[in-house]
There are 2 protein chains.
Amino acid sequence: MYRCMMDKEAHQLKDFLELGGLKSTKERETILKELEVLEEHFNAEKLYSILSRKGTKVSRPTIYRTLKLLERFHLIERLDVKKNCFYYEPMSHKKDHGHLVCEHCGRIIDFASESIQDLKSEVFEGKNFKLDNISIQIFGICETCQKTSKIKS
Amino acid sequence: MYRCMMDKEAHQLKDFLELGGLKSTKERETILKELEVLEEHFNAEKLYSILSRKGTKVSRPTIYRTLKLLERFHLIERLDVKKNCFYYEPMSHKKDHGHLVCEHCGRIIDFASESIQDLKSEVFEGKNFKLDNISIQIFGICETCQKTSKIKS
DNA sequence: TTCGTTGCAAAGCTTTTGCACGAAT
DNA sequence: ATTCGTGCAAAAGCTTTGCAACGAA
């Protein structure tokens, strides 16, 4: 299962890196540190601009490479939210949950649900499919946008 | 709600087109006709090559534009399956269902589930979120690939 | 005739890659 | 001393756009 992230990410990463004969660099630590405090869903570009603004700029290629690395180690998870780019889940979001994606403002809201577990059991029992990761997106209009409904049909 | 598609797509489309002051062209009909018989999930490039092979080639820009049009009319639905491109649901797939996406061979298998309805009710009751469309992807390894498991961990 | 539509070529955007330099072990 | 990682610039891959020619109403 992806999606899940331990508390001491840094340690984990270092272990993984060592195991894989990979190196711990200041760029990787910068990114990891940012992800530990990041509350929102993000993509490569957003991370790039956050770090740039903070004066700890890391190049785009390195950001992309590092995100891939972290994904491979299941330390972050890639989302699928109808944008033509990759979005990621912050490390702080842990257990199984789905995403409410507002089609008006683009906001992504996590939601937990009993039914997700049911769904997994059903699929596991019904089909001979080795589950890895479940990804649930519900598209619609969030509360805020419904109120300020400047929404064109 | 997206995802749902009536039987007489062509009629529907013509109505929509008329309503919007849009025109019915042979390119749009070619695409629509292909989508009516297409069994598999597809993307723009796949559609392009199918039509090209059949000798009813339509340019890429037109394919992209038409798919967008059909999506706008809720005649097809865009999927989110961890590829860096848009995948669509064929018109023949109707009611609420999720997708099992094999991470090894890339195959997409539809599955229906009671729990999807539960999930929708839960969200509808719990949050003040105006539902539009639910998108469920379960990633893992399909039966076939498990058997022929040449899978690198 | 009037607009919407098409195809081409070019541009746009996100992501990836080649390569030389630099840093970690 | 190796070997891996970084940044730059360039390429790649998918999608969109500008524009002139075309075609449906």
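Residue numbers begin at 1 in each chain, while the letters A, B, ... track the order of the sequences. FYI, side chains are in, hydrogens and waters are out, and symmetry mates aren't considered; it's all heavy atoms of this structure.
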Problem - Which residues share a salt bridge (Lys or Arg N to Asp or Glu O under 4.0 Å) with A/Lys57, sequence neighbours left out - result: none
Practice task
Tell me, please, which residues at least two apart from B/Glu34 pass salt bridge (Lys or Arg N to Asp or Glu O under 4.0 Å).
Solution key: B/Lys54
Problem - N or O in side chain of A/Thr25 less than 4.0 angstrom from D/dT6 OP1/OP2 - result: yes
Problem - Side-chain N,O (A/Thr62) to OP1/OP2 (D/dG7) below 4.0 Å - result: yes
Contact between [X] and [Y] at the side-chain level, heavy atoms closer than 4.5 Å - yes or no?
X       : Y        : value
B/Phe42 : B/Leu35  : yes
A/Ile50 : A/Leu38  : yes
B/His41 : B/Asp110 : yes

Practice task
Please identify each residue that fulfils side-chain contact (heavy atoms from CB on, under 4.5 Å) with A/Tyr64, with sequence neighbours left out.
Solution key: A/Ala44, A/Arg60
Once you round it to whole Å, what is the distance between [atom2] of [N] and [atom1] of [X]?
X       : N      : atom1 : atom2 : answer
B/Phe42 : D/dC14 : CZ    : P     : 16 Å
A/Leu22 : C/dT25 : CG    : P     : 11 Å
A/Glu27 : D/dC4  : CD    : P     : 17 Å
B/Ile31 : C/dT5  : CD1   : C1'   : 12 Å
B/Lys26 : C/dG4  : NZ    : C1'   : 15 Å
A/Leu32 : D/dG5  : CG    : P     : 15 Å
A/Ile63 : D/dG7  : CD1   : P     : 9 Å
A/Leu67 : D/dG5  : CG    : C1'   : 15 Å

Holding to side chain to side chain donor-acceptor pair (under 3.5 Å), I want the full list of residues that pass it with [X], two or more places apart in sequence or in another chain.
X       : result
A/Thr66 : none
B/Arg72 : none
A/Thr30 : none
A/Thr56 : none

Exercise for the section: Determine whether the side chains of B/Ser52 and B/Ser49 contain a donor N or O and an acceptor N or O closer than 3.5 Å. Expected result: no
Handout entry: Global bending angle along the helix from C/dT1-D/dA25 to C/dT25-D/dA1, which compares the axes of five pairs at either end, to 10 degrees
Key = 30°
Practice task
Tell me which residues in residues 45-53 of chain B put a heavy atom below 4.0 Å from DNA chain C, sorted by number, or none.
Solution key: none
Protein-nucleotides 16-23 of chain C N/O pairs under 3.5 Å:
from	atom 1	to	atom 2	distance (Å)
C/dT16	OP1	A/Lys68	NZ	2.7

